[in-house]
Every structure is written in C-alpha cells, then in structure tokens.
Amino acid sequence: MAIADNLQALERRIAAAARRAGREPSAVRLVAVSKTQPAAVVAEAARAGQRLFGENYVQEFTAKAGAVGEPVEWHFIGHLQSNKVKYLAGLVTMIHSVDRLSLAEEIDRQWGRLGTACDILIQVNVAGEATKSGTSAAALLELVRAVAALPHLRVRGLMTMPPFFDDPEGARPYFRELQRLAEVVAAAAIPGVTMAELSMGMSGDFEAAIEEGATLVRIGTAVFGARG
Ligand SMILES: *Cc1c(COP(=O)(O)O)cnc(C)c1O
C-alpha cells in the first residue's frame, strides 16, 4: 500500500481508539518512525501530510535530516550515547529516551549552548527487562527530580517499550502501569515538570496504548511497510 493510504488508515484507527476511551483524537499524535527509511520516503510521507518523524540512530538521522527537503519535525526515540547528543542539538524537538542523569546533563549542556531548552521524556523499563533501556520504576521519581533541576531541558512525560507479545492485550498492563507512574510523578508536583505526554504503542499495539492514555504513538511498519 502507498504511504498516503497507510497514513489515512492509521488516522482512522487512532481516532477510533481515542473515542473508545472517551478521548479526543487530537490528543494523540502519530510519530512516524522512519529509521532505515531513506530521505525520499520521509519526503513522500511529508507530502502526504505527516509532519512528525521519529529516528533511532544518530548518524543515520543527521545524514537524513538535511536531505528531506520538506518542513518536518523530528523526535529522537532510540537509545542514546551521551557523546552523540551534540549532533542532535537544534535538530530534534523532543528526546523520548532519557533514562539516566548523565545523559540528561549532556542534553542540558548542548541545548544550553544554543540558549534553548529541549523537551524530554523519561524512558521507563516497566517490565524490568535486562535487554531494554529505561530507568526502573523504583528509581523514576529520584531521576525526575534530578533532571528537573537542569535549566535547558523540560520533562514532559514518560516513554516505555513493553515486552513483545503477539497479542497486543499482553502489552496493556505495561501501558496502564506507565500511566499510573505518570500520575505518581505528577502528584509529586516537581517544579517545571509536566506529565502531559505518554509515549507508548507501536504498530502492533498502539490501539491498546491509546486506550490506556498514550499521547504519542511511535509507528514504523504500519506507515512505511516492513523494514528491509
Ligand atoms: C522501531 C521502533 C518503533 C516502531 O516499531 P514498529 O513496530 O515498526 O511500529 C517504535 N519505537 C521504538 C523505540 C522503535 O525503536
């Protein structure tokens, strides 16, 4: 299917899932995950109306960002090494994958050089999987407090990648838990911190994520087709 058709179908499914949960469809934004897709494919999606893209790999992203030639907005969603942050400064409007203080400090340093602030999400490893990035739920509040003290970033919410299940219902408890953790953080009323965004849900499980409160769904395969 063409990307424009995929985007239209996704828009309908996102809106239907939002309505099922009594939410406004406009409360959910699609982050089109364009890792491994060339700039021309991103440009095609942009011409079809998609403006927000998510990337995972710094080198691939920085090469692509300059080549798209359409007005688009980028979020960084992948595991991030501190020594690569400098390449993202000024190019992305949000980083979803902040899971440790040292990384936040480097984001603060690089955005400070620009004299602006970066919106970030704290990635939580809700299931405690050894192979996945993310802070533990137990360490979350302390990390948010430390990150919130940095002047050149703003904590906007939480992100998670649940374990893989064939049945999207398997992921639902992890989405629900991320929503609960966001409520815990919000209740702590840390100055400068908002829990406005929940980044959760991918091609296989975004409807369950929206029903559990997702505001950003990160979808690759269902937009662009299977990655080569
Ligand atoms: C690749 C990726 C996605 C998108 O996965 P699909 O199954 O292709 O929709 C979402 N989030 C992250 C962090 C990813 O790395």
Side-chain angles (χ1 to χ4, degrees), residues 1-3 5-14 17 28-38 41-42 44-45 48 50-62 64-65 72-81 84-85 88 92-100 103 107 119-135 156-172 174-175 177-179 197-228:
M1 248 206 303
I3 289 171
D5 296 328
N6 292 345
L7 287 169
Q8 243 181 30
L10 279 169
E11 191 180 318
R12 278 194 298 271
R13 288 174 63 189
I14 288 169
V28 183
R29 280 189 295 162
L30 167 61
V31 182
V33 177
S34 48
K35 63 183 173 208
T36 79
Q37 305 294 343
V41 170
V42 174
E44 182 187 342
Q50 178 64 29
R51 294 293 162 181
L52 177 56
F53 295 86
E55 287 278 339
N56 289 61
Y57 309 109
V58 172
Q59 234 178 330
E60 181 199 333
F61 164 60
T62 52
K64 194 184 298 185
V72 297
E73 178 183 352
W74 300 101
H75 285 184
F76 194 83
I77 65 170
H79 180 70
L80 185 54
Q81 289 172 279
K84 302 264 177 76
V85 169
L88 299 181
V92 302
T93 56
M94 186 181 283
I95 297 175
H96 291 218
S97 45
V98 178
D99 60 356
R100 57 200 190 277
L103 175 59
I107 294 169
D119 286 342
I120 64 128
L121 307 179
I122 302 291
Q123 181 172 355
V124 187
N125 186 348
V126 175
E129 291 174 283
T131 55
K132 287 222 174 93
S133 306
T135 184
R156 292 297 196 199
L158 305 180
M159 179 271 223
T160 199
M161 294 233 332
F164 178 79
F165 297 93
D166 285 320
D167 177 357
E169 286 307 313
R172 188 183 294 273
Y174 300 94
F175 298 145
E177 178 64 4
L178 195 72
Q179 163 79 281
E197 304 283 5
L198 281 182
S199 170
M200 56 189 195
M202 314 193 339
S203 291
D205 56 19
F206 69 88
E207 286 152 316
I210 290 168
E211 288 165 9
E212 300 303 331
T215 65
L216 293 164
V217 287
R218 308 178 312 267
I219 301 181
T221 310
V223 173
F224 298 107
R227 284 180 289 276

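The first residue of the sequence shown is numbered 1, and numbering continues consecutively from there. As the structure lists them, so they are numbered: ligands from 1, and atoms in each ligand from 1.
Nearest protein heavy-atom contact of atom 5 (O) of ligand 1 is Met202 CE, 3.6 Å. Of all protein heavy atoms, the one lying nearest to atom 8 (O) of ligand 1 is Thr221 OG1, 2.6 Å. Protein heavy atom closest to atom 13 (C) of ligand 1, with residue, atom name and distance, is Met161 SD, 3.2 Å. In this structure, the protein non-hydrogen atom closest to atom 2 (C) of ligand 1 is Lys35 NZ, 2.6 Å. Among all non-hydrogen protein atoms, the one lying nearest atom 11 (N) of ligand 1 is Arg218 NE, 2.9 Å.
Residue Gly220 places at least one N or O, backbone or side chain, under 3.5 Å from an N or O of ligand 1.
At a 4.0 Å heavy-atom cut-off, ligand 1 does not touch His96 at all.
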Inset, instruction - Report the C-alpha distance between Val58 and Glu60 in whole Å, list the side-chain angles of each, state the deciding distance to 0.1 Å, and finish with yes or no for side-chain contact (heavy atoms from CB on, under 4.5 Å). - result: CA-CA 6 Å; Val58 172; Glu60 181 199 333; over 6 Å; no

Inset, instruction - Begin with the C-alpha distance, continue with both residues' side-chain angles, and end with the deciding distance and a verdict on side-chain contact (heavy atoms from CB on, under 4.5 Å) for Tyr174 and Asp205. - result: CA-CA 11 Å; Tyr174 300 94; Asp205 56 19; over 6 Å; no

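For ligand 1, the atoms sitting less than 4.0 Å from at least one non-hydrogen atom of Asn56 are 14 (C), 15 (O), numbered in the order shown with element in parentheses. For ligand 1, the atoms sitting less than 4.0 Å from at least one non-hydrogen atom of Ile219 are 9 (O), numbered in the order shown with element in parentheses.
Note that NE2 of His75 and CE of Met94 are 4.5 Å apart. Values are rounded to the nearest 0.5 Å.
At distances below 3.5 Å, not a single donor-acceptor pair connects side-chain atoms of Thr160 with backbone N or O atoms of Met200. A donor-acceptor contact shorter than 3.5 Å links the side chain of Lys64 to the backbone of Ser34.
Judged by distance alone, the side chains of Glu73 and Thr93 do bring a donor and an acceptor atom under 3.5 Å apart.
Residue contact annotation: Arg227 has a non-hydrogen atom under 4.0 Å from ligand 1.
Within 6.0 Å of atom CD in Glu169, more than 12 heavy atoms from other residues, nucleotides or ligands are found, so the atom counts as buried in its surroundings. Within a 6.0 Å sphere centred on CD of Glu11, heavy atoms belonging to other residues, nucleotides or ligands number 12 at most.
In the candidate list Ala32, Ala222, Ser199, Ser203, Ser203 is nearest to atom 9 (O) of ligand 1, counting heavy atoms.
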